[in-house]
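Working notes, beginning with the structure itself.
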Amino acid sequence: MRLDAFTLFPPSFDWFLGQRHVRNALELGHEIRLFDYRATTPLSAGQVDDAPYGGGAGMVLRVDVVDAALEAAYASERPRRVIALTASGRRFDDAFAAELTGEPHIALLCGRYEGLDERICEHLATDSVSIGPYVLSGGELAAMVVADAILRKLPGALGHEDSAVEESFSQSLGGAPEYPHYTRPDVYRGWAVPEVLRSGDHARIREWRLARSRERGGE
Ligand code: ADE
């Protein structure tokens, strides 16, 4: 898979790119590329944003700037999924992450300031995605959240193959949150690990886990 992030702040991805599972994914042949809107802006003095029509605070990322960045990166063929990160987009969830895992090439468009010119979402992006009902100062954190949720589903990206299959909100748990986990010590300050998990009875353990997951509830 190739993941391209378009941003005004490429260094904000440094920490993410250093994470073990991200490095694993890169070593497996997946690719993450960063594109700086400023490097390809058609405007003078590196301008990328402008005041909002109709007035109001803040600056809006321009549609011509984003289009130029996409044009420079892809010339004729743009990725099948171009995802604009915006607080007003479709809420990101595990099912959407799983869907995106099947894509060979995804572009993530980060906004800054007040946001993106709406024409970016309407005409340049195939999807507008929000990671939650709050406003971030930019799309970079959201892009990393989306990229992380996708990458950890790629076979081999996590150390253990099963880890991403049965976890919170996945299909194998019917979209419900994951069951609780415990590790040693068996008892700590009188807080004991449930007996069933130490029983070695895999059928009972499975039943217990599914019941706890259901108890925690889905949406
Ligand atoms: N940009 C600003 N806020 C955002 C959010 N909640 N999700 C995605 N992108 C954003």
Side-chain angles (χ1 to χ4, degrees), residues 1-40 61 65-86 89-112 116 120-121 124-132 136 138-173 175 177-178 181:
M1 164 178 291
R2 173 177 283 179
L3 268 177
D4 295 335
F6 291 78
T7 170
L8 288 169
F9 300 101
S12 55
F13 287 83
D14 287 353
W15 173 84
F16 179 66
L17 293 174
Q19 296 307 294
R20 183 72 253 167
H21 63 292
V22 177
R23 297 213 318 266
N24 283 349
L26 299 181
E27 278 161 23
L28 287 166
H30 302 293
E31 243 186 297
I32 299 179
R33 304 185 304 176
L34 299 173
F35 296 88
D36 186 341
Y37 296 122
R38 265 186 233 286
T40 49
L61 187 62
V65 167
V66 175
D67 200 25
L70 291 169
E71 203 55 30
Y74 307 125
S76 57
E77 209 183 333
R78 297 189 179 189
R80 235 161 56 94
R81 303 301 278 265
V82 177
I83 298 174
L85 284 317
T86 165
R90 160 189 174 179
R91 186 71 57 82
F92 188 62
D93 59 15
D94 193 74
F96 193 31
E99 181 189 327
L100 293 176
T101 304
E103 293 289 341
H105 191 183
I106 295 172
L108 300 168
L109 306 179
C110 305
R112 269 274 148 175
L116 304 153
I120 296 167
C121 302
L124 301 181
T126 56
D127 305 82
S128 296
V129 166
S130 163
I131 62 159
L136 302 165
E140 285 76 14
L141 282 173
M144 285 183 255
V145 167
V146 170
D148 191 276
I150 295 171
L151 288 178
R152 68 197 307 285
K153 288 185 184 295
L154 296 173
L158 298 179
H160 191 282
E161 273 311 297
D162 292 338
S163 334
V165 173
E166 191 165 284
E167 60 182 6
S168 288
F169 315 114
S170 68
Q171 225 179 12
S172 69
L173 291 176
E178 200 175 11
H181 296 281

Supply the atom-to-atom distance [X] [atom1] to [Y] [atom2], rounded to the nearest 0.5 angstrom.
X      : Y      : atom1 : atom2 : answer
Glu140 : Phe6   : CD    : CZ    : 13.0 Å
Leu8   : Arg38  : CG    : CZ    : 5.0 Å
Thr7   : Tyr37  : OG1   : OH    : 7.0 Å
Arg2   : His30  : CZ    : NE2   : 13.0 Å
Gln19  : Arg152 : CD    : CZ    : 12.0 Å
Leu28  : Arg23  : CG    : CZ    : 12.5 Å

Worked check of side-chain contact (heavy atoms from CB on, under 4.5 Å) between Ile32 and Leu151: CA-CA 10 Å; Ile32 299 179; Leu151 288 178; 3.7 Å; yes
Residue pairs, two or more places apart or on separate chains, that pass salt bridge (charged side-chain N to carboxylate O under 4.0 Å, His left out) and touch residues 68-80: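 Listed once each, the pairs are Asp67-Arg78, Glu71-Arg78, Arg80-Glu103.
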Could you pull out the closest heavy-atom pair between [X] and [Y], with the gap in Å?
X      : Y      : value
Leu100 : Ile106 : O-CD1, 3.6 Å
Asp148 : His21  : OD2-NE2, 2.6 Å
Tyr74  : Ala107 : OH-CB, 3.6 Å
Ala72  : Thr40  : CB-CG2, 3.5 Å
Gly111 : Leu116 : CA-CD2, 3.6 Å
Leu34  : Pro10  : CD1-O, 3.6 Å

Among Ile83, Leu85, Asp4, Leu70, which residue satisfies the side-chain contact (heavy atoms from CB on, under 4.5 Å) criterion with Leu109?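 One option only clears the test, and that one is Leu70.
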Using modelled atom types and a 3.5 Å cut-off, is there a donor and acceptor pairing between side-chain atoms of Ser130 and backbone atoms of Arg91? no
Does Glu99 come within less than 4.0 Å of Lys153, counting only side-chain N to carboxylate O? no
